[in-house]
Amino acid sequence: MPELPEVEVTRRSFGERIHGARVTAVRLGKPLRWPLGCEPHSLVAQSVGEVSRRAKYLWLPLESGGLLMHLGMSGSLAFCDAPGEAGLHDHFDLVTDRGTLRLTDPRRFGAVVWSPSRESGLAAKLLAGLGVEPFDPAFTGAYLHAALRRRRVAVKLALLSGDIVVGAGNIYACEALFAAGIDPRTRSDRVSLRRCELLAAAVRDTLARALALGGSTLRDFRDAHGMAGEFQLEAQVYGRAGQSCRACGTPIRRWVQGQRSTFFCPTCQRR
DNA sequence: AAGTGGACCTGCTAGC
DNA sequence: TGCTAGCAGGTCCACT
């Protein structure tokens with residue numbers, strides 16, 4: 001589910017309200033991707049700092065360290081005053097004096113992991129090796145070109161790998177490649193500098209547009225207030241196999257790369 | 001180092 | 001109506 005826009009929309013929807021709150025209880029549901037890494041009760045009475053994001057991870061600072069959270073494929077966070085009984089898929093509650101932050105994640109690919117800091121423990125290991133942030137000025141066409149030059153995998157897979165640029169998942173990688181007019185099957189080392197400039201701009205613009213629209217709600221994404229996103233209504237290719245390209249009318253094609261669906265317009269996107 | 005495929009887990013839908 | 005196969009927004013890990 002959540003790519004960078006959804007994670008950032010989520011962060012913005014509860015970060016300010018939880019800042020300064022004090023933890024009063026922690027409830028765990030079924031196991032997530034990794035064990036919490038600390039005694040849940042040890043978090044009680046600690047105050048919450050300013051929530052930040054790196055790639056698709058959120059970092060919730062506490063006094064003894066912090067919680068690194070990931071929404072996986074199906075996770076979402078809600079922050080509310082009276083959350084009610086935990087449901088079947090509610091696997092983590094951080095109860096505070098200002099409300100409860102609840103992770104709902106049916107598939108349980110998500111994670112909540114305690115670390116002494118972002119720079120140590122499991123958090124450091126998970127954050128190591130991540131590529132540049134898409135809105136970082138360092139993410140330029142020249143940077144992208146230099147990184148892609150060393151790879152032979154299809155450019156779509158290079159975007160998804162997360163070690164060049166972070167944030168674009170399956171939806172936005174497809175959409176950015178469409179916006180840049182690049183065939184997702186193109187070998188990374190054959191994308192010219194000129195087209196890398198277009199692609200870097202397309203990644204940035206696509207993610208920014210999605211952010212402005214509150215992300216994409218395909219089935220169940222909601223921000224911490226329960227608001228759905230609207231980017232999916234503007235998708236040019238994602239999930240549109242067989243439908244006509246909004247730009248040229250050619251049927252959108254579906255192709256499998258790295259065991260995942262890629263959607264593209266064979267006319268608008270060229271190798 | 002880079003590339004490949006499997007693993008994790010649940011729910012929904014299309015098709016027979 | 002009921003079963004099954006296939007698909008889903010991520011990314012870690014082992015192996016070549």
Side-chain angles (χ1 to χ4, degrees), chain A residues 1-10 29-35 37 53-58 68-77 87-92 103-113 122-131 146-177 185-190 203 206-207 209-211 213-223 228-235 237-242 254-263:
Chain A
M1 163 184 84
E3 304 183 32
L4 183 146
E6 291 75 28
V7 176
E8 179 63 16
V9 163
T10 298
K30 288 190 192 172
L32 294 163
R33 180 151 194 180
W34 290 285
R53 179 191 57 74
R54 171 75 172 108
K56 298 169 191 167
Y57 289 94
L58 291 177
L68 191 71
M69 314 184 81
H70 197 287
L71 302 180
M73 285 280 264
S74 57
S76 59
L77 285 169
L88 183 60
H89 300 305
D90 299 331
H91 301 305
F92 179 82
L103 174 68
T104 303
D105 184 5
R107 293 178 73 180
R108 291 191 281 130
F109 291 169
V112 180
V113 167
L122 185 49
K125 184 185 167 189
L126 294 173
L127 297 176
L130 288 176
L148 291 182
R149 211 164 36 192
R150 280 179 257 117
R151 315 253 178 133
R152 269 150 297 180
V153 285
V155 61
K156 156 91 174 329
L157 294 176
L159 282 185
L160 281 185
S161 71
D163 52 3
I164 296 174
V165 60
V166 298
N170 210 28
I171 299 177
Y172 303 118
C174 289
E175 294 298 319
L177 284 161
R185 302 167 297 182
T186 310
R187 266 177 54 156
S188 295
D189 59 356
R190 304 224 173 125
V203 167
T206 300
L207 294 174
R209 176 73 182 145
L211 197 47
L213 289 174
S216 294
T217 296
L218 295 192
R219 43 181 66 82
D220 51 15
F221 171 72
R222 291 290 188 279
D223 73 11
E230 298 190 325
F231 181 89
Q232 72 283 358
L233 302 173
E234 295 200 356
V237 289
Y238 185 84
R240 301 193 64 240
R254 175 179 175 271
W255 189 262
V256 176
Q257 295 181 292
Q259 305 158 177
R260 316 197 59 194
S261 292
T262 293
F263 300 90

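Just so it is clear: chains get the letters A, B, ... in the order the sequence lines come, proteins before strands, and each one is counted from 1.
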Nucleotide [N], atom [atom2] - distance to [atom1] of [X] in whole Å:
{"X": "A:Leu159", "N": "C:dT11", "atom1": "CG", "atom2": "C1'", "result": "16 Å"}
{"X": "A:Asp189", "N": "B:dA1", "atom1": "CG", "atom2": "P", "result": "18 Å"}
{"X": "A:Phe109", "N": "C:dG9", "atom1": "CZ", "atom2": "C1'", "result": "12 Å"}
{"X": "A:Leu157", "N": "B:dG3", "atom1": "CG", "atom2": "P", "result": "9 Å"}
{"X": "A:Leu127", "N": "C:dT11", "atom1": "CG", "atom2": "P", "result": "11 Å"}
{"X": "A:Asp105", "N": "C:dG9", "atom1": "CG", "atom2": "P", "result": "15 Å"}
{"X": "A:Lys30", "N": "B:dT10", "atom1": "NZ", "atom2": "P", "result": "5 Å"}
{"X": "A:Glu3", "N": "C:dT11", "atom1": "CD", "atom2": "P", "result": "9 Å"}

>> Are the side chains of A:Tyr172 and A:Phe231 in contact, using a 4.5 Å heavy-atom criterion?
In response: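 A side-chain contact under 4.5 Å exists here.
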> Side chains of A:Ser261 and A:Arg254: do they bring a donor and an acceptor to under 3.5 Å?
Replying inline: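 Judged by distance alone, the side chains do pair up.
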> If we ignore angles and hydrogens, is there a donor and acceptor under 3.5 Å between the side chains of A:Asp223 and A:Thr10?
Replying inline: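 The answer is no; no qualifying pair exists.
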>> I want to confirm an ordering. Mapping A:His89 and A:Arg152 to their closest nucleotides on DNA chain B, which one lands closer to the 5' end?
In response: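 Closer to the 5' end of DNA chain B: A:Arg152.
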[N] phosphate, OP1 or OP2, under 4.0 Å from [X] side-chain N/O:
{"X": "A:His70", "N": "C:dT11", "answer": "yes"}
{"X": "A:Lys56", "N": "C:dG9", "answer": "no"}
{"X": "A:Arg108", "N": "B:dC8", "answer": "no"}

> Taking the P atom of each, how far is C:dC3 from B:dC9, in whole Å?
Replying inline: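 It works out to 24 Å between them.
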>> A:Phe92: which residues meet the ring-ring contact (aromatic ring centres under 6.0 Å, His included) condition with it, sequence neighbours left out?
In response: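 Listed in chain order: nothing, the list is empty.
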>> Restricting to ring-ring contact (aromatic ring centres under 6.0 Å, His included), what partner residues turn up for A:Phe109, sequence neighbours left out?
In response: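 Result, ring-ring contact (aromatic ring centres under 6.0 Å, His included) vs A:Phe109: none returned.
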>> Taking CD in A:Glu230 as the centre, count heavy atoms belonging to other residues, nucleotides or ligands within less than 6.0 Å. Is the count above 12?
In response: no
> Listed by chain and number, what are the side chain to side chain contact (heavy atoms under 4.5 Å, CB included) partners of A:Lys156, not counting sequence neighbours?
Replying inline: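 Side chain to side chain contact (heavy atoms under 4.5 Å, CB included) list for A:Lys156, sorted by chain: A:Leu160, A:Asn170, A:Ala173, A:Cys174, A:Leu177, A:Pro184, A:Gln257, A:Thr262.
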> Do A:Lys30 and A:Asp105 meet the salt-bridge criterion of a basic N to acidic O distance under 4.0 Å?
Replying inline: no
> Should A:Glu3 and A:Lys56 count as an ion pair when the cut-off is N to O under 4.0 Å?
Replying inline: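 Answer for the salt bridge query: no.
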At a cut-off of 3.5 Å, list every protein nitrogen or oxygen paired with a nitrogen or oxygen from nucleotides 6-8 of chain C, distance to 0.1 Å.
from: C:dA8; atom 1: OP1; to: A:Ser261; atom 2: OG; distance (Å): 2.4
from: C:dA8; atom 1: O3'; to: A:Tyr238; atom 2: OH; distance (Å): 3.4
from: C:dA8; atom 1: N3; to: A:Arg107; atom 2: NH1; distance (Å): 3.2

> To the nearest 0.5 Å, what is the distance between OG1 (A:Thr217) and CD (A:Glu6)?
Replying inline: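 The CD atom of A:Glu6 is 7.5 Å from OG1 of A:Thr217, to the nearest 0.5 Å.
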Could you pull out the protein-nucleic contacts involving nucleotides 12-16 of chain C (nitrogen or oxygen on both sides, under 3.5 Å)?
from: C:dC12; atom 1: OP1; to: A:Tyr57; atom 2: OH; distance (Å): 2.8
from: C:dC12; atom 1: O4'; to: A:Arg33; atom 2: NH2; distance (Å): 2.5
from: C:dC13; atom 1: OP1; to: A:Lys125; atom 2: NZ; distance (Å): 3.4

> Which atoms form the tightest heavy-atom contact between A:Pro106 and A:Ser74, and what is the distance?
Replying inline: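 Closest approach of A:Pro106 to A:Ser74, heavy atoms only: CD-O, 3.3 Å.
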>> Exactly one of A:Ile164, A:Leu159, A:Asp189, A:Val153 should register a side chain to side chain contact (heavy atoms under 4.5 Å, CB included) with A:Leu148. Which one does?
In response: A:Ile164
>> Given a 3.5 Å cut-off on both pairing distances, which stems involving DNA chain B, each at least three consecutive Watson-Crick or G-U pairs, are present, if any?
In response: B:2-8 with C:10-16, B:10-16 with C:2-8
